[in-house]
Amino acid sequence: MPYQSPVSDFQFIFDNVVGFSQVAETEKFAEATEDMVTAILAEAGKVADEVMAPVQRNGDLNPAYLENGVVRTSPGFADAFAQIAEGGWLGISADADNSGMGLPTTVATAMNDMMSGACLSLALNPLMTLGQIEALEHHASDALKDLYIPKLISGEWCGTMNLTEAGAGSDVGALAAKAERNGDGTYAISGQKIFITWGDNDFSKNICHLVLARLPDGVPGTKGISLFVVPKFLPDENGEPGQRNSLGVVSLEHKLGLHGSPTAVMEYNDATGWLVGEEHGGMAAMFTMMNNARLGVGVQGVGVAEAAYQQALSYSLDRKQGKTGGDTGMIFDHADVRRMLATMKADVFASRSIALACAVAIDMGNATDDADWKARAALLTPIAKAFGTDIGNEVSQLGIQVHGGMGFIEETGAAQFARDVRVTSIYEGTNGIQSLDLVGRKLMDGGEAAYRIFEEIETGAEAARASNPIMAEAVWQATETLRETTEYLVSVSMAERGSVAVPYLRAFARVLGGHFHLTAAVAEGGNGPRTKLARFYMARMLPEHVSLLSQVRASHDDVMALTPEDLAV
């Protein structure tokens, strides 16, 4: 079955689950009316279904490659990208003053979800460009904004993010890339960066790299890092690509998946760059792009999970095998197959709702400058990223299992989802790092932002008791357990939190998922498919929070007592 964007699911979640109406009621996003958002979602879905999904297999079977210093992209990618650009999708959330649509992050997040489900390899390119546009909007000089942002939005130029080095992965402050002042307002950038997504292509006129590097007087660590925009071609007096800059692609990585997305090793040799933000203030500027990317990566996982689920469901309704006891004789009627499909669908809904709730909080923080909304967005970001990508991996594996032996055969395409989505739980900060961020920086307020969410969940559960008493009680009790565990967690040291961060984040996501499923059931009113799915989630999936939170209270010593020698036995 060809991929079909779940536009109706987004509309339902917007209208009934995450409170998008609050965003549309703000002055900043007043133009995001219901009719406009409905139209935008429908058109974005068409682009995903009709333009991107058809090139999905091309990217896997005909990977990008490096030829005489030029990156050659997969068949059909250039034309598909051109159609994305022509539709204005690269500027969906960019400021209208810069020729963008000026739409909320929530709408852009839904678009990213659909595009990722259609063809993640290609969708990574717009995501990088969208992130660069946001970083430039917040931190670049007016001159840089005027030159770069319109061309990035039009698709004439593409953007990348250059953080990682061979000796500086998650520890960005250990980077060795250097910057020297040229004395004319420009800088000479030297060093090598690895794992650069879409580091080059053969269809845009220029590639604009955001590069982290250290000036001679930059102190060690992250506080001494500066951010520079370093284009492949130096803009001439008319702002058009001119002389080739002294940078290039050394090689492309050979990867488990995402073969259509060229992941480059980049070399800079006194390449000319321009400062973005303040000297030694690069991390503040880069975090703008990274936070955008973390939510974006989270919904990449959700989007691939959606695609894997759709294919598995279609296969289960077509494949006959054994005696099912059902009317059709298809494997869908086997209880365990139906259990797997329900698990897939329930987790797609839960993870998608978490991501969109995070996006709503980001939009409300931007529109109102309210500290509580900003704290909520900060708290939900690591959960959205980690849970969304974990679910992408888990649902893709279940998709293979539903296919049985054919899932292990490449021609079905089921394995591609698992290979493509695997990296999402690693990049933009591994999911372990996201969990450490949640139990560390995001609980530095003593858990206040988390407690506000718990209060809302319990209030919603109380209101739902009349119509859905059993599910409401399950959500209320789970939230109380999460609250008590959070109170315990904020009372112990960061060293003790480190070994339990991952199960805590997972439990938090499980409870949020229960809340959103209950909200959907109440909104549906009756015994429809969303209510049935919610019951499945409450009975089969929400109970995981009990074992997860019991791990949070386990001794830190049982992890750290294990030595290399112990683990080698």
Side-chain angles (χ1 to χ4, degrees), residues 3-7 10-11 14 29 31-32 35-56 59 73 76-137 148-161 197-198 201 203-208 260-261 289 292-293 295-297 299-300 302-304 306-307 355-356 359 362-363:
Y3 172 79
Q4 294 181 324
S5 294
V7 174
F10 287 111
Q11 198 68 64
F14 277 31
F29 297 117
E31 294 186 8
D35 288 346
M36 174 181 280
V37 170
T38 298
I40 290 290
L41 290 176
E43 287 303 310
K46 287 182 181 178
V47 172
D49 299 353
E50 299 173 9
V51 175
M52 298 181 69
V55 302
Q56 160 82 340
T73 55
F77 273 37
D79 181 61
F81 178 82
Q83 292 185 64
I84 294 169
E86 288 166 8
W89 301 107
L90 296 171
I92 186 169
S93 56
D95 196 299
D97 292 340
N98 295 319
S99 303
M101 293 188 194
L103 289 170
T105 295
T106 310
V107 180
T109 299
M111 179 197 75
N112 185 22
D113 184 326
M114 291 186 277
M115 288 188 171
S116 297
C119 182
L120 181 55
S121 286
L122 180 56
L124 286 168
N125 187 307
L127 180 69
M128 293 293 99
T129 297
L130 282 163
Q132 184 167 126
I133 290 168
E134 184 174 15
L136 294 175
E137 282 184 338
Y148 283 86
I149 292 178
K151 294 184 182 297
L152 290 167
I153 288 174
S154 72
E156 292 178 72
W157 298 0
C158 290
T160 77
M161 179 167 59
T197 299
W198 279 96
N201 67 64
F203 52 71
S204 59
K205 294 180 179 179
N206 208 353
I207 315 291
C208 310
S261 169
M289 189 170 181
N292 173 296
L295 174 57
V297 171
V299 296
Q300 286 172 17
V302 179
V304 174
E306 172 72 41
L356 292 174
I362 291 171
D363 285 328

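Throughout, residue positions are numbered sequentially from 1 according to the sequence presented.
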Kindly indicate whether the side chain of [X], heavy atoms from C-beta on, has any atom under 4.5 Å from the side chain of [Y].
X	Y	answer
Met36	Leu103	yes
Tyr148	Asn206	no
Asp113	Phe10	yes
Tyr3	Cys119	no
Met52	Ile84	yes
Met161	Thr197	no
Thr38	Gln11	yes

Between [atom1] of [X] and [atom2] of [Y], what distance do you get to the nearest 0.5 Å?
X	Y	atom1	atom2	result
Phe77	Trp198	CZ	CH2	6.0 Å
Thr129	Leu124	OG1	CG	11.0 Å
Lys46	Leu41	NZ	CG	12.5 Å
Met128	Ile207	CE	CD1	13.0 Å
Ser5	Glu43	OG	CD	11.5 Å
Ser99	Lys151	OG	NZ	11.0 Å

- Can you check side chain to side chain contact (heavy atoms under 4.5 Å, CB included) on Leu90 and Trp157, steps first, answer last? CA-CA 11 Å; Leu90 296 171; Trp157 298 0; over 6 Å; no
Any idea which heavy atoms bring [X] and [Y] closest together, and the distance?
X	Y	answer
Gly45	Met114	CA-SD, 3.8 Å
Gln132	Leu152	OE1-CD1, 3.6 Å
Leu295	Ala355	CD1-O, 3.7 Å
Gln300	Ser116	CG-OG, 3.4 Å
Gln56	Leu120	OE1-N, 4.0 Å
Ser121	Ser261	O-CB, 3.5 Å

- Item | side chain to side chain contact (heavy atoms under 4.5 Å, CB included), paired with Trp89, selected from Leu130, Ile40, Ile153 |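 The passing option is Ile40.
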- side chain to side chain contact (heavy atoms under 4.5 Å, CB included) with Asn98: which of Ile149, Leu136, Ile133?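 The residue from Ile149, Leu136, Ile133 that satisfies side chain to side chain contact (heavy atoms under 4.5 Å, CB included) with Asn98 turns out to be Ile149.
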- Message: Using a 6.0 Å cut-off, check whether atom CD of Glu31 has over 12 heavy atoms from anything other than its own residue.
- Response: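 Count not over threshold, so no.
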- Donor-acceptor under 3.5 Å (Glu137 side chain, Asp95 main chain):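 Yes, because the side chain of Glu137 sits within donor-acceptor range (under 3.5 Å) of the backbone of Asp95.
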- Item | Backbone of Pro104 reached by a side-chain donor or acceptor of Asp363 within 3.5 Å |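 No, because the side chain of Asp363 does not come within donor-acceptor range (under 3.5 Å) of the backbone of Pro104.
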